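Sequence lines set the chain letters: A, B, ... in the order given, protein chains first and strands last, and positions in each chain run from 1. Since this is a predicted model, take the numbers as computed values, not measurements.
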There are 2 protein chains.
Amino acid sequence: MSALTARHEYTIKEAAALTGLPASTLRYYESIGVIAPVGRGASSGHRVYDEEDLDQIMWVACLAATGMSVRDMPKYVANGQLGPCAAGEQIELLTAQQQRLEVEAKQLVLRQRYVALKIDYWHAVAAGDDGHVELLLGEARTLADEVKPASKR
Amino acid sequence: MSALTARHEYTIKEAAALTGLPASTLRYYESIGVIAPVGRGASSGHRVYDEEDLDQIMWVACLAATGMSVRDMPKYVANGQLGPCAAGEQIELLTAQQQRLEVEAKQLVLRQRYVALKIDYWHAVAAGDDGHVELLLGEARTLADEVKPASKR
DNA sequence: CTAAGAACTTCAAGTGCTCGAAGTCAGGGC
DNA sequence: GCCCTGACTTCGAGCACTTGAAGTTCTTAG
């Protein structure tokens with residue numbers, strides 16, 4: 001298996017893009033021991049992530065998203081190391097993460113609408129279109145009420 | 001009329017409940033000048049919020065939710081009172097924000113695809129479907145390759 | 001009226017990143 | 001070869017809250 005399965009390697013930037021955590025956070029997590037030390041390029045000293053590292057990071061990202069403090073994480077990461085026997089738990093956490101991402105996507109769309117609305121609003125103000133201004137202000141208030149649960153993060 | 005139209009007054013706790021921001025954050029925002037100084041009870045020295053304060057806080061909460069830094073907020077909050085003269089600057093700030101949100105949306109979609117792939121992967125692992133596992137690992141690699149051009153193209 | 005307790009006050013320190021500075025390293029053009 | 005660009009490295013400071021301590025004030029029950 002190992003000979004044919006050329007393990008793909010990732011730079012810190014690719015790992016960041018796939019897991020949704022900034023590179024700085026990946027280094028931070030490694031520095032405080034939340035994730036295991038990542039392999040380094042022989043000559044460069046740069047971090048080299050493999051699939052296993054990414055799985056671990058995804059796991060940590062799930063824990064972080066549920067509000068767990070970084071001091072409590074190492075224990076739970078150890079559980080995640082157990083491999084195939086832990087597949088069920090992995091799926092459970094990843095599914096929860098999927099739902100969070102969906103919520104995040106919805107909130108993002110809402111924010112995009114809100115910003116677009118505000119741009120319209122200022123265009124109307126600049127044009128002196130008072131009727132349109134009033135209309136847009138009303139819509140903005142409606143949207144503002146919906147954007148409440150964006151206080152986390 | 002105005003005497004009877006009791007302009008409702010709120011404690012910091014009520015203001016927090018209505019705006020969705022913790023009381024500590026309201027004090028923090030006031031301390032750094034993001035919101036105007038709030039009136040105080042004559043004898044107690046406790047903060048007393050009125051409707052206008054709440055509108056301003058809601059507005060700031062929206063800015064915070066869209067990712068604006070607290071340093072940029074005072075200008076933006078002040079501009080809200082200035083009317084048409086500041087429309088150009090408002091539009092400029094909001095358009096920049098719109099572009100940030102667009103980037104964020106693309107990254108979010110990428111993460112969603114990755115998580116979905118990982119769920120498939122663990123299902124295949126649980127089922128002992130090694131061929132499928134290999135296939136999905138390959139797809140993860142392909143997904144990672146898409147990240148690279150996204151940063152510079 | 002007084003005493004207990006909840007809720008407010010300020011100030012300081014902690015948290016979880018996040019950014020900037022200064023230096024190292026890989027790849028490409030001359 | 002040699003330099004340039006750009007991505008990586010560590011480290012320490014900064015940011016946006018957040019929490020804790022210590023004290024004051026409002027409220028309520030006896």
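- With rounding to whole Å, A:R71 atom CZ is found 11 Å from C:dC17 atom P.
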Interface polar pairs with nucleotides 4-10 of chain C, N/O, under 3.5 angstrom:
| unit_1 | atom_1 | unit_2 | atom_2 | d |
| --- | --- | --- | --- | --- |
| C:dT9 | OP1 | B:R47 | N | 2.6 |
| C:dT9 | OP1 | B:R47 | NH1 | 3.1 |
| C:dT9 | OP2 | B:R27 | NH1 | 2.8 |
| C:dT9 | OP2 | B:R47 | NH1 | 3.4 |
| C:dT10 | OP1 | B:R40 | NH2 | 3.2 |
| C:dT10 | OP2 | B:R47 | NH1 | 3.2 |
| C:dT10 | OP2 | B:R47 | NH2 | 3.0 |

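- The backbone N or O of A:A36 lies less than 3.5 Å from a partner atom in the side chain of A:Q56, making a donor-acceptor pair.
- Nucleotide C:dT18 holds its C1' atom 14 Å from the CD1 atom of A:I32, rounded to whole Å.
- Applying the ring pair (Phe, Tyr, Trp, His ring centres under 6.0 Å) test to residues at least two apart or on different chains, the pairs with a partner in residues 10-39 of chain B are B:H8-B:Y10.
- Closest of all the heavy-atom pairs between B:P74 and B:V70 is CD-O, 3.0 Å.
- Listed by chain and number, the residues in a side-chain hydrogen bond (donor to acceptor under 3.5 Å, both in side chains) with A:E30 are A:R47 (sequence neighbours excluded).
- Between the CG atom of B:D72 and the C1' atom of D:dA16 there is a distance of 14 Å, given to the nearest Å.
- Listed for the B:E14 side chain is a donor-acceptor partner under 3.5 Å among the backbone atoms of B:T11.
- Remark on DNA chain D: of its neighbouring residues B:S69 and B:A42, the 5'-side contact belongs to B:S69, judged by nearest-heavy-atom nucleotide.
- Regarding contacts with the backbone of D:dC17, a side-chain N or O of B:Y29 is found under 4.0 angstrom from either OP1 or OP2.
- If you find the closest nucleotide of DNA chain D to B:V70 and to B:S24, the one lying nearer the 5' end belongs to B:V70.
- Contact check, B:T25 against D:dA16: no side-chain N or O comes under 4.0 Å of OP1 or OP2.
- Counting all heavy atoms, side chain and backbone alike, B:I57 lies closest to B:L21 at CG2-CD1, 3.9 Å.
- Among the protein residues, A:S31 comes within range of no part of the nucleic acid, since none of its heavy atoms lies under 4.0 Å from any strand.
- In this structure, A:L26 places its CG atom 12 Å from C1' of C:dC17, rounding to the nearest Å.
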